[in-house]
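Below: one structure, written as structure tokens.
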Number of protein chains: 2
Amino acid sequence: MTDPDSGRRPKYQRIADELRTAIQAGTFAPGDRLPGENDLMSTYDVARMTARQALSVLRNEGLAEARKGAGVFVRSFRPLRRRGIPRLAHGHWGSGRSVWSADVAEDRALVVDQIEVTTAPAGARVARVLGLSCPDEPVCVRSRRFVLDDRPVLLSVSYLPAALVEGTAIMEPDTGPGGTYARLAELGRRPVHFREEIRSRMPTAEESDRLALEFGTPVILIGRTAVTEQGVAVELNEMTLDSASYVLEYDFDA
Amino acid sequence: MTDPDSGRRPKYQRIADELRTAIQAGTFAPGDRLPGENDLMSTYDVARMTARQALSVLRNEGLAEARKGAGVFVRSFRPLRRRGIPRLAHGHWGSGRSVWSADVAEDRALVVDQIEVTTAPAGARVARVLGLSCPDEPVCVRSRRFVLDDRPVLLSVSYLPAALVEGTAIMEPDTGPGGTYARLAELGRRPVHFREEIRSRMPTAEESDRLALEFGTPVILIGRTAVTEQGVAVELNEMTLDSASYVLEYDFDA
DNA sequence: CAGTGGTCTAGACCACTGA
DNA sequence: CAGTGGTCTAGACCACTGA
């Protein structure tokens, strides 16, 4: 009854198409429950695996999410706006505010719920970026997870030369007002230039776990290098963002 | 023999784990053939659907790609570097070069293989960005696909007020030296400020088709607004990038 | 405790690839 | 033409959710 041209397109695709159309038409609103495996099995007279395959198409597209034991639901998307350039302006962190505070409206709070500060050998990649002479040289590794409204949205791992930050607040969990950049400035290494590199890919199992990601949700990777007036890289910050939670914004002149 | 703690983790995940480890260890190099469905069925003594599920984990992570009738292969990733800020500097397109030419090394060519220029009603979203008084106002729509080494990497749709660009080269497939921005400058609407917004998500079926994307490959969306000295938005350019083909770079000062 | 999604089996048939 | 991945069935059992 639904397919005059049932010819070439696989069953599971046709079922996914119908559900997708219904979602876009508003028949199912964000948060609504979709027909589940059992519903599709009887409605379309297909096997469980075929019904699952149809639903997994929508999950891979980021349109639906499954909650075990409860059902399959239409996803919603209300992103944070991360303004790449003003958040790193000296006037912002120089006045004692956190770089991260720029990303959220004042009525919401982006908080760190996991933090780990260690010292470890740099490794080849980090040594190259920070201009260390040898991959075994120690670096300070600041690893954090940020949570918004109880939802993890971002992982951040920051690398700084251990020789530079040894014994400073940068080695403490709480780096104090203005954060790492304010402390670097006090050490005479104020960052004046930044480079951000952006990629996107599907998460690893560990990332998916730590960010509590749904199936079809990619991560955005940002690698930022902070450079001093003398052209020396003093920090590499590698961030992993839940792509369903973020829009990045860059403003600049021609 | 492979699982002392076979307890909680599903079979398909354990198989995927082993393959992933082997890929990361270099046992399988980029382009190599991986064990296929039939191999996994006999090696691990599982049903076809379970072997498929294991392979689909790796495909979703972007680590492997299936070629029907041939096998499953390790994917490779060699991205283009898109330098967000210098490519839009007036000195670049002002001297007659294309904005896009900045994205590739001189020995490779990023070429347009599909182009369509039409006029259509703006619609609510575009009208809002371009500051049009009514969503029915006509806009010039320039839709292009870019190909690198025969591989489609980017879709671009550009919107400009029809009242402004009517009868100019901007309505032609070839906009001439320096492209749209050089023509806007000649009209007294030189863009001096840009805003780029970046998101990432899984592709729609159409995007997946036009960019010839593999299973677990997200797209990166860039929405750029070009603004004149007078603060008027003259262009909205919406781009859809194959995330496996691009790294974005933004350089700026504190 | 009824219903849900998650995992898994042992088969079948198909279109496609590449030697 | 042998081998491959893609689709599909008709069952089964499990852990989890929420009334």
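What you are looking at is a predicted structure, and each value in this text was computed from that prediction instead of being measured.
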Is it true that [Y] and [X] share a donor-acceptor pair across their side chains at a distance under 3.5 Å?
X	Y	result
Ser245(B)	Arg151(B)	yes
Ser200(A)	Ser200(B)	yes
Thr217(B)	Asp242(B)	no

With the threshold set at 4.0 Å, does a side-chain nitrogen-carboxylate oxygen contact exist between [X] and [Y]?
X	Y	result
Glu116(B)	Arg144(B)	no
Arg59(B)	Glu65(B)	no
Arg82(B)	Glu196(B)	yes

What are the bounds, 5' to 3', of the part of DNA chain D that sits under 4.0 Å from heavy atoms of chain A?
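The protein-touched segment is dT7(D) to dT17(D).
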What pairs with Tyr250(B) under ring pair (Phe, Tyr, Trp, His ring centres under 6.0 Å), at least two apart in sequence or on another chain?
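Testing Tyr250(B) for ring pair (Phe, Tyr, Trp, His ring centres under 6.0 Å), a comparison that skips the adjacent residues, returns Tyr250(A).
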Earlier contact from the 5' end, DNA chain D, for Arg67(B) and Met49(A):
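Result: Arg67(B).
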5' priority, DNA chain D, between Thr50(A) and Ala70(B) [closest heavy atom]
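Looking at the nearest nucleotide for each, Ala70(B) comes out on the 5' side.
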With Arg67(A) as the cation and Phe73(A) as the aromatic partner, state whether NZ or CZ is under 6.0 Å from the six-membered ring centre and within 45° of the axis.
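Yes; both conditions hold, so Arg67(A) lies above the ring face of Phe73(A).
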Could you provide the dot-bracket string of DNA chain C, using ( ) for intrastrand pairs, [ ] for crossing pairs and | for bases paired to another strand, with Watson-Crick or G-U pairs below 3.5 Å?
||||||||||||||||||.
By nearest heavy atom, map Arg48(B) and Leu34(A) onto DNA chain C; which one lands nearer the 5' end?
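The answer here is Leu34(A).
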